[in-house]
Undergrad: 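Got a structure here, written out as C-alpha cells. Questions coming.
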Amino acid sequence: MDALTKISRVFDNVKQVVKEKNSSTRLQSLKKDILLIQSELLVLGKENHGLHIRSLAMEGYLALLSAKIMPLSLSEKKNILTVAFEKLKQHAQCEETLFVFLRIQNLLCYFLIQLDEINRAKYILENVEEMYDDISNSKAHMFIDAEDLFVPEPVSNIKRMSSEKIDKLITNNVQMLAFLYNKLNLPQKYTLYSHTALRRQLEMKEGTPQEWAMRTARLGNYFSYLNQLGNARHHLCAAYHILRTCHDNCKLIPEEFVLQKADFEMHFLELSHHWVKYGLTLFKLSRKKILNSVFSGPSGASATDLWNTVDFVNESLVDTDNNSQKENSKDSGSEKYEKGDCLTEKVYIFPSLDLTDIERKVPLEIITNSIEARKLFSFTHKWLKRAEHYYDFEHHSSHYISCSLQLAELYEHLAFFEKNIDNQYTVQKRRADVLETLNSLLKNCDNVMSIQIDVIKELSQVQLELMALNLQKLWREESQTNILNVDNDTDSIIHSLNSESNKTLTEKTLNTSSKNIFLRKMEATTSINGKLFRLSGQIDPGTPSELSFDYGILGN
C-alpha cells in the first residue's frame with residue numbers, strides 16, 4: 001500500500017498540472033511525474049501479483065494521457081497507444097481495465113485513420129465489437145473509472161462507474177466504424193452502423209435534440225440517395241418529430257427561444273431540402289417502374305402490343321407489390337420491411353419513438369395514377385416553398401437557382417402522371433413559366449453561361465412538350481368532328497377528293513382562321529425550338545434539376 005500511496009500522491013500532481021494549461025513548465029513537470037509513476041507501477045506489478053492487472057490499467061491510462069497531451073507526432077502517439085493496447089487486450093473485460101481499454105482503442109483507431117491505416121483500424125474495431133454483447137446493462141456498473149484506480153485503496157473498496165460512460169464509449173466506437181465503412185464505400189454497413197449509433201444516442205439522450213435531429217435527417221437524405229425510401233421516410237420523420245418537439249418546448253421559455261430561433265430556422269430549412277429530395281426520388285422511381293413495365297416486356301410479346309394504351313396500374317405491378325408485402329409481413333422486431341425501388345428493404349427504426357401518425361401523412365408507395373401523383377406533388381411542393389422562402393436571387397443565387405430547377409422538375413413529374421391533356425398542358429405551362437423567369441434573371445448575370453444553356457435546353461424541351469400536347473388536342477378535335485358513316489358519306493368523300501378545291505377533311509372541318517393562327521404558332525414554335533437546340537448543342541446534355549446546390553461560379 002505504500003507504493004499505491006506514493007503513486008496516488010504523484011498522480012494528484014499530474015491532475016493539477018493538466019489543469020494548468022498556461023504554465024510554462026507544464027510539459028516538463030508532466031513528463032517527469034508520468035515517468036516516475038510508470039517506474040513505480042513496474043515494481044508494483046512484479047512484486048504484487050494481485051495488483052498486476054490494476055497496474056496494467058494504470059499504465060494504460062498514463063499512455064492515454066501522454067498521447068493526448070504531449071507534443072508528439074501522430075506516429076509516436078500511435079506507437080505509445082499500440083503498446084498499451086496490446087498489453088491490455090487479453091485482460092480487456094476485467095473490471096479494472098475495460099474502461100481504459102475502450103478509450104485507448106478509440107483514440108488509437110482515430111490516429112490510424114489520420115495516418116490512412118484504414119484496414120488496421122477496421123480490424124481493431126471489428127474485433128473489439130465482439131465483446132459489446134458480453135457487456136450487458138447488468139454488468140456495465142461493475143467497471144471502474146481509470147482515474148479511480150490511482151487511490152491507496154483495494155479494488156473492492158473503489159466505487160464503480162455509471163454504465164452511461166461505457167455506453168458512450170461503445171457508441172463512439174460504433175460511430176467510428178460507420179465512418180470507416182463510408183470511407184471504404186460500403187453503404188449498407190455505413191447506414192446500419194450510423195443508425196445504430198443514432199439509436200443508442202437517442203436512448204441515452206446524448207447531446208442536444210437539435211444535433212441528433214440534424215444527423216438523423218442527413219442519414220435519411222442518404223437513404224433517399226440509395227433509393228431506400230422506407231428508411232428515408234422513417235429517419236426524416238424522426239428528425240422532424242424531435243426538432244418540432246424541441247422547438248415547441250423552447251417556445252415555453254421566451255428568453256431561450258429568442259436565442260435559438262435563428263438556429264431552428266436553419267434546421268428546418270435543411271430538413272426542407274431533404275424532404276424535397278425524398279419527393280423527387282419517389283417520383284423518379286415511380287416513373288422508372290412504369291416505363292420499365294412498358295418497354296421491358298416479355299421477349300415473346302408481339303409488335304402490336306406497342307399500340308396498346310398505357311395504363312399506369314397494371315396487374316403485374318400490383319401482383320409484385322402484393323407478393324412482396326406478404327413476404328415482408330413475416331419480419332418483426334426493431335427492423336421492418338418496406339417497399340423501396342420495388343424491392344424488399346430492411347427498415348431500421350427507432351423503437352422509442354411513435355412516428356405512426358407522422359409517417360401516415362408521408363407518401364411512400366410507388367405512384368401509379370394522377371391522384372397519388374397530386375398528393376406527392378402537394379407534399380413535396382409544400383417543403384420546396386418553405387425552402388424558397390429563405391432565398392432571393394441577389395443574396396443566395398445558387399440556392400435560388402436550385403429551388404427553381406427543382407420546382408420545374410416537380411411540374412415535369414406531375415405532368416407525366418396526368419392523363420387529361422388539358423391538365424398536362426396547364427402543368428407544363430407552369431413549368432415553362434418557372435424556367436422563363438429563371439432565364440430572365442440569368443440574362444443579367446455574368447459567368448453563368450453553362451447554367452443558362454442548361455435552362456434554355458430544358459425550356460426547349462418544355463416547348464416541344466407543349467407543341468406535342470397542342471397537336472394531340474388538334475387531333476382530338478378532328479377525330480371528334482369527323483365521325484364518318486361509311487354508307488352515307490362515301491359519295492361525299494369521293495366528291496370532295498375530285499373537287500376543284502381538293503381540300504382535305506381536316507381543312508373542311510376546322511375553322512379556317514383558327515387553323516391558320518394555330519399553324520402559324522406551331523411553325524414559329526418549331527423554328528424557335530430548332531434554334532434553341534442548335535444553341536444548347538454546344539455542351540454535353542445534363543439535367544438542370546440535378547445541378548448541385550453549390551455552384552462554384554456563383555457567389556452568394
Side-chain angles (χ1 to χ4, degrees), residues 171 175 178-179 182 190-191 194-226 228-229 231-282 348-350 352-359 361-363 378-392 395-404 406-407 410 548-550 556:
T171 302
Q175 282 182 305
F179 175 78
N182 189 40
Y190 164 71
T191 52
S194 294
H195 168 82
T196 303
L198 288 168
R199 178 179 53 77
R200 293 178 63 89
Q201 289 170 340
L202 177 65
E203 292 168 355
M204 294 187 296
K205 296 184 178 179
E206 182 180 344
T208 67
Q210 299 97 313
E211 292 172 348
W212 185 90
M214 288 300 97
R215 287 196 296 270
T216 303
R218 288 164 196 149
L219 181 58
N221 189 55
Y222 186 66
F223 277 123
S224 294
Y225 168 77
L226 296 177
Q228 296 182 18
L229 296 187
N231 277 315
R233 182 179 73 165
H234 187 78
H235 284 71
L236 291 174
C237 285
Y240 174 78
H241 171 69
I242 293 296
L243 196 59
R244 172 55 63 184
T245 302
C246 183
H247 175 271
D248 293 344
N249 289 337
C250 277
K251 288 179 74 173
L252 300 176
I253 310 173
E255 298 83 1
E256 183 72 16
F257 183 70
V258 169
L259 294 175
Q260 298 196 37
K261 184 177 180 181
D263 291 335
F264 277 119
E265 288 182 352
M266 290 299 101
H267 294 330
F268 279 114
L269 174 60
E270 182 178 341
L271 188 59
S272 298
H273 287 304
H274 297 329
W275 275 122
V276 172
K277 173 69 176 300
Y278 172 90
L280 291 175
T281 302
L282 181 52
Y348 305 110
I349 66 172
F350 300 105
S352 59
L353 297 179
D354 183 8
L355 303 174
T356 306
D357 291 339
I358 299 176
E359 289 185 327
K361 299 174 183 177
V362 181
S378 177
F379 173 83
T380 311
H381 185 261
K382 178 191 72 174
W383 285 105
L384 182 55
K385 284 299 180 183
R386 189 168 188 169
E388 279 188 327
H389 173 73
Y390 290 94
Y391 303 130
D392 59 62
H395 299 97
H396 305 91
S397 54
S398 62
H399 291 293
Y400 182 91
I401 292 170
S402 180
C403 287
S404 296
Q406 286 179 327
L407 181 57
L410 204 53
S548 169
F549 282 167
D550 300 317
N556 289 332

Undergrad: With distance as the sole test, does Arg233 use its side chain to make a donor-acceptor pair with the main-chain N or O of Glu359 at under 3.5 Å?
TA: yes

Undergrad: Using modelled atom types only, decide if a donor and an acceptor are shared between the side chain of Ser402 and the backbone of Ser398 within a distance under 3.5 Å.
TA: no

Undergrad: Give the minimum heavy-atom separation between Ala239 and Ala213, together with the two atoms involved.
TA: CB-O, 3.2 Å

Undergrad: At their closest point, which heavy atom of Tyr348 faces which heavy atom of Asn231, and how far apart are they?
TA: N-OD1, 2.7 Å

Undergrad: For Asn182 and Ala178, indicate whether the former's side chain and the latter's backbone hold a donor-acceptor pair under 3.5 Å.
TA: no

Undergrad: Do His241 and Leu355 have side chains that get closer than 4.5 Å, going by heavy atoms?
TA: yes

Undergrad: If we only count heavy atoms from C-beta on, is the Asp248 to Arg244 side-chain gap below 4.5 Å?
TA: yes

Undergrad: Which heavy atom of Thr216 sits nearest to which heavy atom of Ala238, and what is that distance?
TA: CG2-CB, 4.3 Å

Undergrad: Side chains of Gln201 and Gln175: closer than 4.5 Å at any heavy-atom pair?
TA: yes

Undergrad: Would you call the rings of His399 and His396 parallel, tilted or perpendicular, taking 30° and 60° as the class edges?
TA: tilted

Undergrad: Looking at Glu203 and Arg200, does any basic side-chain N land under 4.0 Å from a carboxylate oxygen?
TA: no

Undergrad: With side chains defined as the heavy atoms from C-beta onward, is the minimum distance between Tyr390 and Met266 less than 4.5 Å?
TA: yes

Undergrad: Decide, yes or no, whether a salt bridge links Asp357 with Lys361 under the criterion of side-chain N to carboxylate O below 4.0 Å.
TA: no

Undergrad: Looking only at heavy atoms, which two atoms of Pro363 and Tyr278 are closest? And how far apart?
TA: O-OH, 2.6 Å

Undergrad: Quick check: does any side chain N or O of Trp212 sit under 3.5 Å from a backbone N or O of Glu206, one acting as donor and the other as acceptor?
TA: no

Undergrad: Does Glu270 have any side chain to side chain donor-acceptor pair (under 3.5 Å) partners at least two apart in sequence or in another chain, and if so, which?
TA: Arg218, His274

Undergrad: For the residue pair His195 and His235, confirm or rule out a side-chain donor-acceptor distance under 3.5 Å.
TA: yes

